[in-house]
Protein chains: 2
Amino acid sequence: MGRNRATLADVARRAGLSKTAASMVLNGREGTRLSAEAHQRVFAAAEELGYRPNLAARSLRTRKTATIAFVSDIVATTRFAGGLIRGALDAARERDHVLLITETQGDATFEQYAIEAMLDRQVDGVIYAAMATRRLTVPPAILGGPVVLLNATSADGLPCVLPDDDRAGRSVATALLEHGHRDAIALIGRNRLKEDDPEVSLAARARLRGIQQALGDAGVSLLAECFCTEWLPEHGYAAMRGLLSRPSRPSAVICMNDRLAFGAYQALGEAGLSVPDDISVISFDDDPIAAWLRPSLATTALPHEQMGRRAVELLLDGGAAEPSLVAMPLRRRRSLAPPAG
Amino acid sequence: MGRNRATLADVARRAGLSKTAASMVLNGREGTRLSAEAHQRVFAAAEELGYRPNLAARSLRTRKTATIAFVSDIVATTRFAGGLIRGALDAARERDHVLLITETQGDATFEQYAIEAMLDRQVDGVIYAAMATRRLTVPPAILGGPVVLLNATSADGLPCVLPDDDRAGRSVATALLEHGHRDAIALIGRNRLKEDDPEVSLAARARLRGIQQALGDAGVSLLAECFCTEWLPEHGYAAMRGLLSRPSRPSAVICMNDRLAFGAYQALGEAGLSVPDDISVISFDDDPIAAWLRPSLATTALPHEQMGRRAVELLLDGGAAEPSLVAMPLRRRRSLAPPAG
DNA sequence: AGTGGTCGCTAAACTGATTTAGCAGAGCAT
DNA sequence: ATGCTCTGCTAAATCAGTTTAGCGACCACT
C-alpha cells in the first residue's frame, strides 16, 4: 500500500530547493520570503511527482491527524445509525478529516480497548454516540481532548447533540388537532422505565411532555394511554387490540415510534378498520417502513444526518456548551384525516 | 488528545536501559540477549508509566498502521450495511486492527478523494464494499496494496466475498417443495436489468438460477413470473394484485426480496387472503421487517456479519483467489404451510 | 569603512518509534 | 599474552515530515 510514493525530499530535490522551502511552499505559509519562482518550481515538482504528504510523518511532528474517532455503543451497525454516520462523514470530508469508527456493543472491555486503540492513533477528537437518546457516563480516558456526545448527554456538561423530541411531541399533537381530532386521541407507548430513567431514554419523556403540552394548551386530554414494555411492533399490535376492545373507539392514535405504529396497523387491518378513514395514526422516527406502509405513515423524522453533521461541526469548529437540539421535521403522509362522522 | 503520554524514552530512562532495549523487550523480540532482569525492569516501567506506543511514530518506521480502509459506495449508511461493518469491526478487533470508514455515494470525485485520504494515512489494506451485490471496476489507486471486494466482484480476479445467492435460491424453492407445493408456485421480482447486467446485480441472476434448478430437479415449473422494475414494496404489491386477478391462484409465492414480500402481504391483506393458509410466502434477505410481519416471513438471510468478517480475514490472513461464498441461512417462519385443500 | 536591515534561502533539530551495526567485558583456548 | 567467541547491552541511523535558528548576499546609511 502506497509504496513508491514521492517524499518531500524528492520534491525539494527536483525543484532544486531545500526540504524547508518545499514544506513551506506546499503548506502555503505566510511571511516566508520565498520567491514567486521558487513557489512555481515547488508546485511543478509536486505535481509532476504526484506528491502526497505522509500523514503519519506529519502528525508525528504536529500532533494533528485530521482523524476523528467515532465511538458508539451499538449505533454504528443498526438501521438507525446510517444517517448519523453519513452526516458525520460528510461534515468531516468538508473539513478534510476522516472517521475512525468503532463499536463497543455496550461492553466495557470492548469500550476500553476501542478508546485506547483510537488514542494510540492520535485522533484529534472523539464523537461518542449512543443508539438510544439517553444520559450516560463518559469513560474518563477520552476526557483528555475534545469530545462531543451524539444522541446523548452526560452529567459533565460536555457539548452534545440531541434530537428535539419535545418539539416533535408538540408537532405530532398539533398535527392531530389541526385535523380536528380532540377528545378521542389515544397514545400508544407509555413506558415508566423509559420516561423516568434518563440513562435509559430521554426521548420518551420529552415526546410525552411535548404531546401533553400541545394538547393541554388546546384544552384537550387523552382518551387513553397504553403502556408498552418495549417499543416493538408486537407491543403496538397488542396495545391497539386493547384499544379496539374498549367501548369508545379513538379517532386518532399517537404511537411513540414507527415500529409500534407498524404493529398498530396490523391490528387495525385484522379488525377491518381503515387508516385514516376510521382512525388516524401518527408517530415518531421516520423509519423506512413508515413510507412503505399502506397508507404511508405520518411521523416526525429523527434528523440523523443533521445530527451527525452537527457533532463534527461542534467538535472541529467549537460551539456552544448547551445541548445542541436538532429539529425533527414532521412528515405529513396519508395516515392523517379528520375524524369520521 | 493524548497529551502527556509517556514515550519509549521515558520507559527506557525509568528502567535504566536504552530505548533499544526497551523497544525490543516490549515487542517481545526473539533472540535478543537481554537478561530476565532487564525484561522485568522494562515491563515494570511501562506499567508504572501507563506507556502506550505512539502508532504514528511506529508506522513511520514500520510502514504498518494496523488500520484498514473500509470504502463503500453507499453501504456504510444503510440498514443493510450494519452487519457488514459489524463483522468487519469484530474481525479487525480480534487482530488489533481498526477501521477507517468512508462512503463515496457513488460519486467518482468523492471516491477519488476518499481513497487518497486513506492512502495518505498509510492504511494496510482496503476493503471495497458495494451495497448491491454486483461486478464493478476497482479504482486503480488502490491496486498498490492488498484489496478485498465485499459484496462485489471485479474483472481483475481480486479476492472477494459474496453471499451464496444461488444456493439460497435452491433453499427457498426446496422449502416450498418440502411443504408440498408443486405446480402453483409463482415468482415475484423478475427483472431483466438485474438479471442480465452483472454491473447492476449478481443476486437476481443467481437467485433465479437456484430456484429454477431446484424446481427443475423436481420436475416442477413456475405457475407465473412477475416482472418488477424495482424491488420495493409498491412493486410487490402491484405484482401480487396482478397474480390474484388471474384465474388460477398460486398456492405459494417466492419474492426476490423481503421488501417485495412486504408489498405482497399488503395486497393479500386487502384481498382478505390469509398467509399461510391461503398462500405461502418466502423470500430473500432477512430484512428486520421479515420478523415483524404477521405472520412472520420465511426468508434466507443475507449473512452480512459473516461477510464483513470474512473480508477482514481474507485481507489480513490472506486467502484463496476464488470468490469466497458465504452461505445464506434459511429462516423458517410462519409464512409457510402446505397448500390449501 | 563599518553597521544594520532586508531578502531568499538552508542546515539541523525535532517528533517517537524500530532497526542496524557494533562495543565492552567475560570466558576460554592456544 | 593473544585471539576468539559469546553475552548483554547501546549509539546512531532511519522513517517523512515541520520548525527553529541563522547564513550569505546585497543595499542603504552614517
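To find a chain, count down the sequence lines: A is the first, B the second, and so on, and within it residues start at 1.
Applying the salt bridge (Lys or Arg N to Asp or Glu O under 4.0 Å) test to pairs two or more places apart or on separate chains, none has a residue in residues 19-28 of chain B. Evaluation of the side chain to side chain donor-acceptor pair (under 3.5 Å) test over residues 30-40 of chain B, restricted to residues two or more places apart or in two chains, returns B:Glu37-B:Arg41.
Bounding nucleotides for the chain A contact on DNA chain D, 5' to 3', at a heavy-atom distance below 4.0 Å, are D:dA16 to D:dT20.
With no hydrogens or angles considered, no side-chain donor-acceptor pair links A:Arg121 and A:Thr67 at under 3.5 Å. B:Thr104 and B:Asp73 share no donor-acceptor pair across their side chains, judged by distance under 3.5 Å alone.
For B:Arg61, there are no side-chain hydrogen bond (donor to acceptor under 3.5 Å, both in side chains) partners, not counting sequence neighbours.
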**Complete:** Nucleotide by nucleotide, nucleotides 17-26 of chain C touches protein heavy atoms under 4.0 Å in the pattern (B base, S sugar-phosphate only, - none) BBBB------

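Spacing between atom CG of B:Leu26 and atom C1' of C:dG16 amounts to 13 Å, rounded to whole angstrom units.
A cation-pi arrangement is present between A:Arg93 and B:Phe110, with the terminal nitrogen or guanidinium carbon under 6.0 Å from the aromatic centre and inside a 45° cone about the axis.
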**Request:** Please assess A:Leu314 against A:Val161 for the test side chain to side chain contact (heavy atoms under 4.5 Å, CB included), listing each intermediate value before the final yes or no.
**Result:** CA-CA 9 Å; A:Leu314 234 50; A:Val161 179; 3.9 Å; yes

All N/O donor-acceptor pairs, side-chain side in residues 125-140 of chain B, below 3.5 Å, sequence neighbours left out:
unit_1: B:Tyr128; atom_1: OH; unit_2: B:Glu111; atom_2: OE1; d: 2.4
unit_1: B:Thr133; atom_1: OG1; unit_2: B:Asn151; atom_2: OD1; d: 2.7
unit_1: B:Arg134; atom_1: NH1; unit_2: B:Glu199; atom_2: O; d: 3.0

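Across all strands, A:Ala38 comes closer than 4.0 Å only to sugar-phosphate atoms, never to a base (heavy-atom distances).
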